[in-house]
Participant: 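Sharing a structure below in structure tokens format, with a few things to ask.
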Protein chains: 2
Amino acid sequence: MSKQSIGPLTPVAMDDCRVPLVNEPLNADQAERLAPSFKALGDPIRLRLLSLIASHEGGEACVCDLTDAFDVSAPTISHHLKVLRAIGLVTSERRGTWIYYRAEPAALDLLSTLLSVPQEVGV
Amino acid sequence: MSKQSIGPLTPVAMDDCRVPLVNEPLNADQAERLAPSFKALGDPIRLRLLSLIASHEGGEACVCDLTDAFDVSAPTISHHLKVLRAIGLVTSERRGTWIYYRAEPAALDLLSTLLSVPQEVGV
DNA sequence: GATCTGCTTAGATGTCAGTCAAAATAAACG
DNA sequence: CGTTTATTTTGACTGACATCTAAGCAGATC
């Protein structure tokens with residue numbers, strides 16, 4: 001596999017991907033940029049982490065809230081959070097002792113749109 | 001990582017996952033069932049394959065149509081198609097000499113819904 | 001400033017995934 | 001029935017990834 005340095009899933013860098021993939025074929029470049037995001041969601045722990053963060057009250061969650069929910073070590077959770085952060089699905093902010101993670105709705109929305117299946121009104 | 005035998009992403013087996021992950025936290029079981037689908041989308045070639053198939057005229061594409069679009073060998077394409085088929089994102093049917101692949105809209109829709117971000121009307 | 005707690009980084013290890021060449025299967029066709 | 005074409009399976013190789021322990025760093029508190 002080629003070295004794919006995963007860039008952040010920012011709206012600007014992805015504007016040409018805001019089309020359902022059932023509508024027109026993705027080109028190689030678009031696929032290379034999008035795949036890392038799905039790969040990041042392809043781990044059960046990361047999927048739950050994202051869901052826990054996004055659904056947490058206040059829209060954010062402290063790492064300490066997250067670590068307890070899993071059977072793996074704290075460094076492993078930290079690693080998974082780093083992956084989610086690297087592609088822009090979450091952001092983090094330190095406030096005093098704790099670090100808070102927050103989901104990035106625009107990134108989620110982009111991926112959701114990409115997978116969406118438009119209603120074929122006339123068919 | 002635990003052995004995760006990827007089962008097909010059938011609507012029935014996934015009915016409890018039809019909720020945006022930002023709404024409520026996924027439990028471990030749901031995450032284990034959903035993650036393989038995103039993992040399957042986490043490869044650029046598979047992402048393009050799915051898009052090529054879904055956007056192809058008639059809603060289906062012959063393997064020969066697909067193989068030419070990539071720089072990898074035919075067995076590699078076959079392998080990726082098998083992954084997409086195993087989780088139920090596509091189906092295949094042989095007609096004469098050729099095998100045709102077709103996208104499974106229900107599976108795509110499920111994943112799209114999961115990633116969707118509901119409008120917070122009141123906030 | 002010593003120490004405690006929260007979190008991340010570094011390094012090591014075992015497993016998994018993507019790729020290819022070669023062989024196998026399957027249908028069509030002479 | 002032998003050959004050709006289309007696709008898959010097998011087996012091997014290589015690189016990537018999830019996980020852990022141990023160590024590092026950053027605030028807070030005494």
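Per chain, numbering begins at 1; letters A, B, ... match sequence-line order.
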Participant: Can you see if the side chain of Thr97(A) gets near the phosphate of dG27(D) - specifically, an N or O under 4.0 Å from OP1 or OP2?
Facilitator: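 False: Thr97(A) side-chain N/O out of range (4.0 Å or more) of dG27(D) OP1/OP2.
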
Participant: Would you check, one step at a time, whether the test side chain to side chain contact (heavy atoms under 4.5 Å, CB included) holds for Phe38(A) with Lys39(B)?
Facilitator: CA-CA 6 Å; Phe38(A) 289 115; Lys39(B) 181 183 280 188; over 6 Å; no

Participant: Take atom CH2 of Trp98(B) and atom C1' of dA27(C), then tell me their distance rounded to the nearest Å.
Facilitator: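 About 10 Å, once rounded to whole Å.
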
Participant: Distance to the ring centre below 6.0 angstrom and angle to the axis at most 45 degrees; does that hold for Arg95(B) and Tyr100(B)?
Facilitator: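 Pair Arg95(B)/Tyr100(B) counts as cation-pi.
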
Participant: Hey, which of these two, Thr76(A) or Ile77(B), hits DNA chain D nearer its 5' end, going by closest nucleotide?
Facilitator: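 On the 5' side of the pair lies Ile77(B).
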
Participant: Choosing from dT7(D), dC20(C), dG6(C), which nucleotide comes nearest the side chain of Arg94(A)?
Facilitator: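 Shortest atom-to-atom distance from the side chain points to dG6(C).
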
Participant: What is the distance, rounded to the nearest whole Å, between atom NZ of Lys82(B) and atom P of dT25(C)?
Facilitator: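 After rounding, the reported distance stands at 14 Å.
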
Participant: Please report the distance, rounded to the nearest Å, between CG in Asp43(A) and P in dC17(D).
Facilitator: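 Distance, rounded to whole Å: 11 Å.
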
Participant: Among the nucleotides dA18(D), dT19(C), dT7(D), which one has an atom lying closest to any side-chain atom of Val72(B)?
Facilitator: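 Among dA18(D), dT19(C), dT7(D), the one nearest the side chain of Val72(B) is dT19(C).
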
Participant: Using the side-chain heavy atoms of Leu81(B), tell me which of these nucleotides is nearest: dT8(D), dC20(C), dT19(D).
Facilitator: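 The closest nucleotide is dT8(D).
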
Participant: Rounded to the nearest Å, what distance is computed from the CZ atom of residue Arg95(B) to the P atom of nucleotide dA28(C)?
Facilitator: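 Result: 13 Å.
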
Participant: In whole Å, I'd like the distance from the NE2 atom of His79(A) to the P atom of dG24(D).
Facilitator: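 Between P of dG24(D) and NE2 of His79(A): 22 Å.
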
Participant: Between Tyr101(A) and dG6(C), is there a contact of a side-chain N or O with OP1 or OP2 at under 4.0 Å?
Facilitator: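 No, outside the criterion.
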
Participant: Please pick, from dT7(D), dT19(D), dT19(C), the nucleotide with the shortest atom-to-atom distance to any side-chain atom of Ile99(B).
Facilitator: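 Output: dT7(D).
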
Participant: In sequence, state the C-alpha distance, the side-chain angles, and the governing distance for Arg18(A) and Asp109(A), and then conclude on salt bridge (charged side-chain N to carboxylate O under 4.0 Å, His left out).
Facilitator: CA-CA 9 Å; Arg18(A) 284 207 118 71; Asp109(A) 186 64; 3.7 Å; yes

Participant: Picking from dT8(C), dT7(D), dA21(C), which would you name as closest to the side chain of Pro75(B)?
Facilitator: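 Among dT8(C), dT7(D), dA21(C), the one nearest the side chain of Pro75(B) is dA21(C).
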
Participant: Rounded to whole Å, please give me the gap between CG in Leu41(B) and C1' in dA17(C).
Facilitator: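 Atom-to-atom, Leu41(B) to dA17(C), this comes out as 16 Å.
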
Participant: Does Ser73(A) put a side-chain nitrogen or oxygen below 4.0 Å from OP1 or OP2 of dC20(D)?
Facilitator: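 Result: yes.
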
Participant: Between Glu24(B) and Val19(B), does a side chain to side chain contact (heavy atoms under 4.5 Å, CB included) hold up when you go through it step by step?
Facilitator: CA-CA 8 Å; Glu24(B) 48 180 301; Val19(B) 175; 3.8 Å; yes

Participant: Would you mind reading off the distance between Leu47(A) atom CG and dA18(D) atom P, rounded to a whole angstrom?
Facilitator: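 My rounded result for the distance is 13 Å.
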
Participant: Can you tell me how far apart CG (Leu47(A)) and CG (Leu52(A)) are? Round to the nearest 0.5 Å.
Facilitator: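 So the CG of Leu47(A) and the CG of Leu52(A) are separated by 10.0 Å.
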
Participant: Do any side-chain nitrogens or oxygens of Lys39(A) fall under 4.0 Å of OP1 or OP2 in dC17(D)?
Facilitator: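 For dC17(D), OP1 or OP2 has a side-chain N or O of Lys39(A) closer than 4.0 Å.
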
Participant: For dT19(D) and His80(A) - does any side-chain N or O of the residue sit under 4.0 Å from the phosphate oxygens OP1/OP2?
Facilitator: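 Checking dT19(D) against His80(A), a side-chain N or O does come within under 4.0 Å of OP1 or OP2.
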
Participant: Rounded to whole angstrom units, what separation is found between the CZ atom of Arg85(A) and the P atom of dC7(C)?
Facilitator: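 Between P of dC7(C) and CZ of Arg85(A): 12 Å.
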
